[in-house]
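Worksheet: the structure to be examined is printed underneath.
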Amino acid sequence: MAPRRSHPFAATLAMLLVAGTASATQQPSADFDAHVNQAMHDAGVPGLSIAVVQDGKVVMARGYGVRKLGSPEKVDADTIFPTGSTGKAITAAALAVLVDEGKIRWDDKVIDHIPWFRMYDPWVTNEMTVRDLLVHRSGLGLGAGDLMFVPSSSRSRADTVRALRYIKPATSFRSGYAYDNVLYSVAGQLIEEVTGQTWEQFVKERVLKPAGMASSVTEQSARFANPNRAWPHARTGGRVRGMGDQHVLDERKTLGDNGAPAGGLSSSANDLSHWMQVQLGHGTWTNDAGKQVKVFSEDASQQMWTPVVVMPTPKWPGKLAEAAPKFSSYALGWNVRDYRGERVIEHGGAIFGVYTYIALFPDRNFGVAFQMNSEDVQVMRGLALELIDQYLGAPKTDWISAFNGFLDARMQGGIAALDAAAKDAPKAMGKPTLPMSSYAGRYADPWYGPIAITDEKGALRVDFLQNPGLTGHLEHVHYDTFRTVWDNPDYEQAYMTFGLDPQGRIDQVTMQAISPIADFSWDFQDLLFKPVQAK
């Protein structure tokens, strides 16, 4: 979720930052807690946790606010939050353990460990390596295949991997960067093929346990069983997501278990402080008993932090330009960038209603981790940069206001696009070409699988059969285009258009998210449903 920025730095600022290098363990400023609480209050953020490590020590691990709106339970340092895509680094570390043991190599062909693995292009199938799974250069489009586990799924991980052969690439192999989640599911399946243990079991035993991450869990069922957990929240009552009142989301409709290697880990401030100690210690940390524990090798650490793919760095507007990196790249489960002239190893994470951000500064030997149980990203990223600036000795900046301005403009741009689309729409609504009952039936997309459309006394309903709960009715828009009205109003609405063959029979169904700023995981545009003939 982290924005990508680009801006040159003045030499005087660079000199100031070098001069401000800290040599002793620091504490956040005395008014930091009050600032955090005020920022949360102003934005209506329910809960937040923050961890800071420096020179191998935990400087801070604490919680703020409540776990769930309407409930009194407070967030503390052991409250677990879903960590979203920051968990990709955990999957990379699990693979690093196998590399250290000589069971795999980073540049092994995936097909050598998963013989039944297939991509759309046979050449890509034969060339795809373990490293390729982690660096977003496969040729798949942005977020391709996410509907296989968003917002939930009944599919197995192996079934998800098998479906990859039907997803058409957007670009040629290794030609550029496009973020995906589905190949991390392949990485999780590879761990199971090599070890005989599921990703969940292996990560728990070989990464979380030695890293001292005692409250972290890999299974969603374990998260739901933990009373000290944060609930997701979002604003979905406006014309675009991010507007309206804050409300609690259904915590069981955020991610399917098959997508866990891409973003299914749940963790706490205390545990993320240990994780940052391991990372900054190049695979080794000193536990509470004073014993050094090795999770993975220093060579593996170097591999995971080495840039592989160049990422775009578009310009950012206004004050945010000062936070822009000169370079941006993707390594193995980590972004490698610069901030105010400093190298930073970072990653953002999001599932619906919860955000996470981790930033490591190896040359300063400190790191920060933020978790928030709402989608008010401006508060989390703003506070993170303000805290980082304290440690860098950088000028004080109101980053929350800067992010607020950017996000407000983004939402207003989304509304303007909706208004323009409505203005350009036909004045009169053309009637459906066919009787309503003719649209009912079973349809299937090669990679997604089946959906069912039923006619209930002239009203159409749709059921995405492998996403439990992704159900709703179809509201007619114009001719053979309908809009989904999901039973769960928190889901992104979409247009569904039926295409007819020359004989006037339905031969395909396509979809498109209505909101121009919908999260890329709602990849409706990649679907192409065909009628399924009754047997």
Side-chain angles (χ1 to χ4, degrees), residues 14-33 35-36 49-63 77-78 83 86 89-90 93 96 207-208 210-216 267-306 331 333-347 356-371 383-396:
M15 292 174 62
L16 174 63
L17 296 180
V18 172
T21 301
S23 59
T25 300
Q26 302 180 57
Q27 291 287 336
S29 62
D31 63 349
F32 184 70
D33 278 350
H35 179 53
V36 171
S49 74
I50 304 174
V52 181
V53 298
Q54 185 183 11
D55 298 327
K57 300 176 182 178
V58 179
V59 176
M60 172 184 178
R62 68 186 66 150
D78 289 316
T83 63
T86 60
I90 294 284
V207 179
L208 301 183
M213 301 172 71
S215 62
S216 298
S267 193
S268 65
N270 274 332
D271 280 10
L272 290 184
S273 68
H274 293 161
W275 176 235
M276 291 190 290
Q277 287 174 304
V278 171
Q279 287 292 324
L280 291 169
H282 303 290
T284 301
W285 73 297
T286 302
N287 66 17
D288 294 339
K291 179 182 177 181
Q292 281 203 326
V293 181
K294 178 181 173 182
V295 182
F296 49 79
S297 68
E298 186 168 352
D299 180 69
S301 172
Q302 180 69 23
Q303 288 282 336
M304 288 186 282
W305 286 3
T306 298
W334 290 101
N335 298 119
V336 182
R337 302 175 178 176
D338 67 297
Y339 174 69
R340 294 193 183 275
E342 299 277 347
R343 180 174 60 131
V344 55
I345 314 296
E346 67 168 15
H347 213 293
T356 303
Y357 177 65
I358 300 176
L360 307 170
F361 289 78
D363 301 328
R364 302 285 190 126
N365 200 16
F366 89 94
V368 301
F370 280 69
Q371 296 178 282
L383 287 172
L385 289 185
E386 289 173 16
L387 183 58
I388 288 167
D389 281 350
Q390 289 185 33
Y391 277 82
L392 296 181
K396 189 173 182 179

Exercise. Where do Met213 and Asp271 come nearest, in terms of heavy atoms and distance?
Worked result: C-OD2, 3.0 Å
Problem set entry | Donor-acceptor under 3.5 Å (Ser297 side chain, Ala300 main chain) | yes
Exercise. Any side-chain heavy-atom pair from Gln292 and Lys294 closer than 4.5 angstrom?
Worked result: no
For this session: Check the pair Gln27, Val59 against side-chain contact (heavy atoms from CB on, under 4.5 Å), reporting the backbone distance first and the verdict last.
Result: CA-CA 7 Å; Gln27 291 287 336; Val59 176; 3.7 Å; yes
Problem set entry | Over all atoms of both residues, closest heavy-atom pair of Met304 and Ala96 | CE-CB, 3.9 Å
For this session: Could you tell me which non-hydrogen atom of Glu342 sits nearest to which non-hydrogen atom of Arg364, and how far apart they are?
Result: OE2-NH2, 2.6 Å
For this session: Evaluate the side-chain proximity of Arg62 to Asp33: yes if any heavy-atom separation is below 4.5 Å, no if none is.
Result: yes
Exercise. Should Lys396 and Glu386 be marked as a side-chain contact (heavy atoms from CB on, under 4.5 Å) after you check the CA-CA gap, both sets of side-chain angles, and the distance that decides it?
Worked result: CA-CA 7 Å; Lys396 189 173 182 179; Glu386 289 173 16; over 6 Å; no
For this session: Might you point out which heavy atoms bring Ala359 and Ile388 nearest each other, and give the distance in Å?
Result: CB-CD1, 4.1 Å
Exercise. Do Asp31 and Ser29 meet the criterion of a side-chain donor-acceptor pair at a distance under 3.5 Å?
Worked result: yes
Exercise. Ignoring hydrogens and geometry, is there a side-chain-to-backbone donor-acceptor pair from Thr284 to Gly281 under 3.5 Å?
Worked result: no
For this session: With sequence neighbours excluded, tell me which residues meet side-chain contact (heavy atoms from CB on, under 4.5 Å) with Thr306.
Result: Gln302
Exercise. Does some side-chain heavy atom of Ile358 sit less than 4.5 Å from a side-chain heavy atom of Leu272?
Worked result: yes
Exercise. Can you name the nearest heavy-atom pair linking Ala77 to Ala61, along with the distance?
Worked result: CB-O, 3.4 Å
Exercise. So, do Phe361 and Phe366 have ring centers that fall under 6.0 Å from each other?
Worked result: yes
Problem set entry | Shortest non-hydrogen separation from Val58 to Ser273 and the atoms involved | CG2-OG, 3.7 Å
For this session: Kindly indicate, with the supporting measurements, whether the criterion side-chain contact (heavy atoms from CB on, under 4.5 Å) is fulfilled by Val52 and Met276.
Result: CA-CA 9 Å; Val52 181; Met276 291 190 290; 6.0 Å; no
Exercise. Side chains of Tyr391 and Gln54: do they bring a donor and an acceptor to under 3.5 Å?
Worked result: no
Exercise. Charged N to carboxylate O below 4.0 Å: is that the case for Arg343 and Asp338?
Worked result: no
Problem set entry | Residue list, side-chain contact (heavy atoms from CB on, under 4.5 Å) with Asn287, at least two apart or on another chain | Trp285, Ala289, Lys291, Val293
For this session: Quick one: list whatever passes side-chain contact (heavy atoms from CB on, under 4.5 Å) with Leu280, sequence neighbours left out.
Result: Val53, Leu360, Asn365
Exercise. Mind checking whether Phe296 and Val207 have side chains closer than 4.5 Å, heavy atoms only?
Worked result: no
For this session: Nearest 0.5 Å please: distance from the CG atom of Leu383 over to the CZ atom of Phe370.
Result: 5.5 Å
Problem set entry | Any Asp389 side-chain heavy atom under 4.5 Å of Pro395 side chain | no
Exercise. Can any side-chain N or O of His274 pair as donor or acceptor with the backbone N or O of Gly212 at less than 3.5 Å?
Worked result: yes
Exercise. Taking C-beta and beyond as the side chain, do Ile90 and Trp275 meet within less than 4.5 Å on heavy atoms?
Worked result: yes
Problem set entry | Single hit among Trp334, Tyr339, Tyr357 for side-chain hydrogen bond (donor to acceptor under 3.5 Å, both in side chains) with Glu346 | Tyr357
Problem set entry | Test log, rule side-chain contact (heavy atoms from CB on, under 4.5 Å), inputs Ile50 and Val36 | CA-CA 10 Å; Ile50 304 174; Val36 171; 4.1 Å; yes
Exercise. Side chains of Ser49 and Gln371: is there a donor and an acceptor less than 3.5 Å apart?
Worked result: yes
For this session: Return yes if a side-chain donor-acceptor contact under 3.5 Å exists between Asp78 and Ser215, otherwise no.
Result: no
